[in-house]
Amino acid sequence: MTETEVGKGRGRGFALVLLLLSAPVAFAPSLVAKMAALRPVIDPARVYFSDQQPLLLYLVLPLGLLGATTVVLGPGLVLARLLRRGPLAPERLLVDALGWTAVVALVLLLAGGLRDLGFGPRALVLLVLAALGPLLLLWRRLPGPEARLVGVRGFFLWVVLPALLLGAVVAPKIFWEAVNGDGAHAYEATRLLLHGRSPFFPAGAGTISNYPGPNSLLQGFLGAPFLVLLGEDVAGLRWLAILALAGLVSVIRLLLPEDLRRHAGPNILIWVVLLAVFSALGWSAGYDAYAADLALPAAQDLLLVTFFLAAFTAFVRGERRRFLAFAFLTLTCSPGGGLLLLFLPPARLLARGPRPWRESLELLGLVLLAVLAQALLGQVAQRYWGMEKGGEHGLMALLRKLRFVDLGDWRRWLWLVPGGLFPLAIFFRFGRANREARTLALVGLASFLFYYPLLKTNLHYFAPAMILPLAAFLLARRTALGRPGFLGCLALGLAALLLSLPTSTRIGEVARLVGEDLDLGGQDGYDRLDPAAYAAVDLVPLLIPAEHEVGVPAAFLGISPLAIAYHSRRAPVAVDKNLSIRSVIAPVPPDGREIGRDAAFVARVRDPEAWEKMRRRRLPDCRGQAFLLVDRERLFGSHELERAPGVMDLGKLRDILTGASR
């Protein structure tokens, strides 16, 4: 058999595997509806591991999600395979496909919104199937040795199957939990890509337009196809957190020597630690008093570390163009991406090695080139799309966060616990570790030290500090751990996992209960991305205080307006809702009381007594572990806290320097 025939045969095999894995996508469009119908009959005390419809929960659901994921990643998988000749690990194929999927979604966006182009579930599936054709046609034309996948069995055993199992286990949180403000904001930002031609909100949309910006838009590109296949529901974005976790496992496995990838020990340790991180981000990180949301920040932070590690691996292997690509993805994924990349050159220099100055300067030049490309994206996007890019995570916002330094909150050291504890041993063996491991360890340390003293901080900022030491610890290994070493690491990892798990299996329902009692008026404006439909949500705090108000949740209810609006727009139509926000030109109801208004909308309550009772209702707060939760006064800040012992106002230094210069 000739080399061309071998490559052709393997190309057909790859296409066949994609077809088989895509087939269960037939279940995907109905998953959200089926799970919604099941929620009312599930015992609230036994939400997880329920025996209600086990066929749906533990077979149809994971297969449908696998099919949807294969279809969404299909074009990216094809492109990644075509552009890579020779041996190729499936882990690298998955990580590359995540990047290419974002590029494909961007191209479709430039052509028009996915819905505007008629991309329903069937059309998206047909698009992926059509993409398999070029694979077979171009296979025999590409130069070089035959393309072949290596380590497929280990990839399915240690990446695909655990991810599907995790998806089935946390399905109640994915499909049934009420959204919080983070999740609702991520959903609304992603929905823009379905109905419009911009990842940014239209001018005049109000507070919601602060996010996303050029440094936080990537999640929408990856999430939009899932909204097409699963329906316009936050569940698609929550599943993205599981996919990002699979990508993170893949990129960490790529750091291992090929023989260690086949050992069970390192793979078990990877999953134990990352499950602890996943639990911390999914149940403890966030600004909501009642629930954290997998859609944001968990999905975003896991994607951030995945792309950063992919960029680092590319640089170490001398793949400069691939480094630029993943550095750009890192910068557009999360505001923390810029810091990680800027920490990388000095960390590479301090890690020592041959030609440290030359290599560090080269790395700095590549990082600055990626930063320039990301800045150019912001300018081009604003001119082409004509929208308002969000400034929530811009440079000025970062400088405002840097003003107050808090040296008195020692509990933040405990936020390293979800990282498994044993990876911190890399700092005790720092001198004996290889240069790559030292580099990652230093970037993780720099990330922790940067966020640790900030007065207004959150657990999810520390995700790189939790994960990068694990990658460094494994990268430093060239042989498998002995039995005592493995058991010791496993014990510490399991302890971290148990400490990071939620304190209750109850799912959050607060935003849904309130949202179903709010009438936001007609949906026409919302369906066509009318800025007024978004601006109306800014009146919700007149009815229910926002989550950052003082006294939430100890004294009264406080929920994100976006979360309430999300559930209001999905609630059944009813005429007896107690709360309403309607246009000022709408007919005035015969009963009720006006609470407040602006130039366009008026907020009213039908039963003031019931409204006051709702506002004063005290509900159980977040189910995350206490040592991982941020004190709400520190989280949102206050003038009293800014004057507390241990808090420094760096703005005074600026005033002193300014005064001295005069």
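Here, residue 1 is the first one in the sequence, and each next residue gets the next number. Since the structure is predicted, the reported quantities are computational estimates derived from the model, not experimental observations.
- Atom CG in L331 sits 5.5 Å away from atom CD in Q374 (nearest 0.5 Å).
- Summarising the geometry of W283 relative to P502, their closest heavy-atom pair is CD1-CB, 3.3 Å, with the distance given to 0.1 Å.
- Remark: the Q53 side chain and the Y58 side chain contain no N/O donor-acceptor pair separated by less than 3.5 Å.
- The backbone N or O of A205 sits nowhere less than 3.5 Å from a side-chain atom of S209 that would complete a donor-acceptor pair.
- Panel note: side chain H185, backbone Y211; a donor-acceptor pair is recorded below 3.5 Å.
- Residues D527 and H195 have side chains not in contact (no heavy-atom distance under 4.5 Å, counting atoms from C-beta outward).
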**OP:** Please step through side-chain contact (heavy atoms from CB on, under 4.5 Å) for the pair L518 and V540, ending with a clear verdict.
**Re:** CA-CA 9 Å; L518 171 65; V540 171; 4.3 Å; yes

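- Of all heavy-atom pairs between P266 and L256, the closest is CB-CD1, 4.0 Å.
- Closest approach of S50 to I42, counting heavy atoms only: OG-CD1, 3.3 Å.
- A pairwise comparison of heavy atoms in L218 and A102 identifies CD1-CB, 3.4 Å as the closest pair.
- Contact annotation: the side chain of D288 never approaches that of D293 to less than 4.5 Å [non-hydrogen atoms, C-beta and beyond].
- To the nearest 0.5 angstrom, T457 atom OG1 is 4.0 Å from F462 atom CZ.
- To the nearest 0.5 Å, atom CG of residue L77 and atom OG1 of residue T101 are 6.5 Å apart.
- Cation-pi geometry between R569 and Y566 is not met: the NZ or CZ atom fails to fall both under 6.0 Å from the ring centre and inside 45° of the normal.
- With hydrogens and angles ignored, the 3.5 Å screen pairs a side-chain donor or acceptor of N180 with a backbone N or O of G183.
- Interatomic distance, I544 CD1 to I559 CD1, rounded to the nearest 0.5 Å: 6.0 Å.
- Taking the side chain as every heavy atom from C-beta outward, L302 and I467 approach each other to under 4.5 Å.
- Proximity of V510 to L557: side-chain heavy atoms (C-beta onward) are separated by under 4.5 Å at one or more points.
- Side-chain contact, T69 with W239: a donor N or O sits under 3.5 Å from an acceptor N or O.
- Checked by atom type and distance alone, the side chain of H460 never pairs as donor or acceptor with a backbone atom of G286 at under 3.5 Å.
- Checked by atom type and distance alone, the side chain of Q625 pairs as donor or acceptor with a backbone atom of L501 at under 3.5 Å.
- Other residues, nucleotides and ligands place more than 12 heavy atoms under 6.0 Å from the CZ atom of F627.
- Residues meeting the side chain to side chain contact (heavy atoms under 4.5 Å, CB included) test with V272, sequence neighbours left out: I268, L490, L494.
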**OP:** Give the C-alpha distance, both sets of side-chain angles, the deciding distance and a yes or no for side-chain contact (heavy atoms from CB on, under 4.5 Å) between L629 and R411.
**Re:** CA-CA 10 Å; L629 299 180; R411 294 176 303 169; over 6 Å; no

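- Within the 4.5 Å cutoff, no side-chain heavy atoms of D233 are placed close to those of F175.
- Expressed to the nearest 0.5 Å, how far CZ of F308 lies from CG of L339 amounts to 11.0 Å.
- Looking at heavy atoms from C-beta onward, Y461 lies out of side-chain contact with D301 at the 4.5 angstrom threshold.
- No donor-acceptor contact under 3.5 angstrom links the side chains of W415 and Y452, judged on distance only.
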**OP:** Any chance you could lay out the side-chain contact (heavy atoms from CB on, under 4.5 Å) test for V305 and L248, step after step, and finish with the verdict?
**Re:** CA-CA 7 Å; V305 184; L248 184 54; 3.9 Å; yes

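- In this structure, S279 contributes its side chain and L275 its backbone to a donor-acceptor pair below 3.5 Å.
- F473 and F422 have perpendicular rings, their planes meeting at more than 60° on a 0 to 90° scale where under 30° would count as parallel.
- Judged by distance alone, with hydrogens and angles left aside, the side-chain atoms of S30 form a donor-acceptor pair with the main-chain N or O of F27 at under 3.5 Å.
- L57 and Q52 get closest at one heavy-atom pair: CD1-O, 3.3 Å.
- Side chain of S447 to backbone of V443: no donor-acceptor contact under 3.5 angstrom is found.
- Between Y48 and K173 there is a side-chain heavy-atom pair separated by less than 4.5 Å.
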Original post:
Does the pair L296 and Q219 meet the rule for a side-chain contact (heavy atoms from CB on, under 4.5 Å), with working shown?
Top reply: CA-CA 9 Å; L296 194 73; Q219 183 182 0; 3.4 Å; yes

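- Remark: R191 qualifies as a cation-pi partner of Y526 under the 6.0 Å distance and 45° angle criteria applied to the six-membered ring.
- Side chain of D538 to main chain of T207: a donor-acceptor pair is present (N/O by atom type, distance under 3.5 Å, no hydrogens or angles).
- The shortest heavy-atom contact between L562 and G181 is CD1-O, 4.3 Å.
- For the atom pair CG (L628) and OG1 (T503), the distance works out to 10.5 Å, reported to the nearest 0.5 Å.
- Side chain of R623 to main chain of R506: a donor-acceptor pair is present (N/O by atom type, distance under 3.5 Å, no hydrogens or angles).
- L73 has its side chain out of reach of W100: every pair of non-hydrogen atoms, C-beta onward, lies at least 4.5 Å apart.
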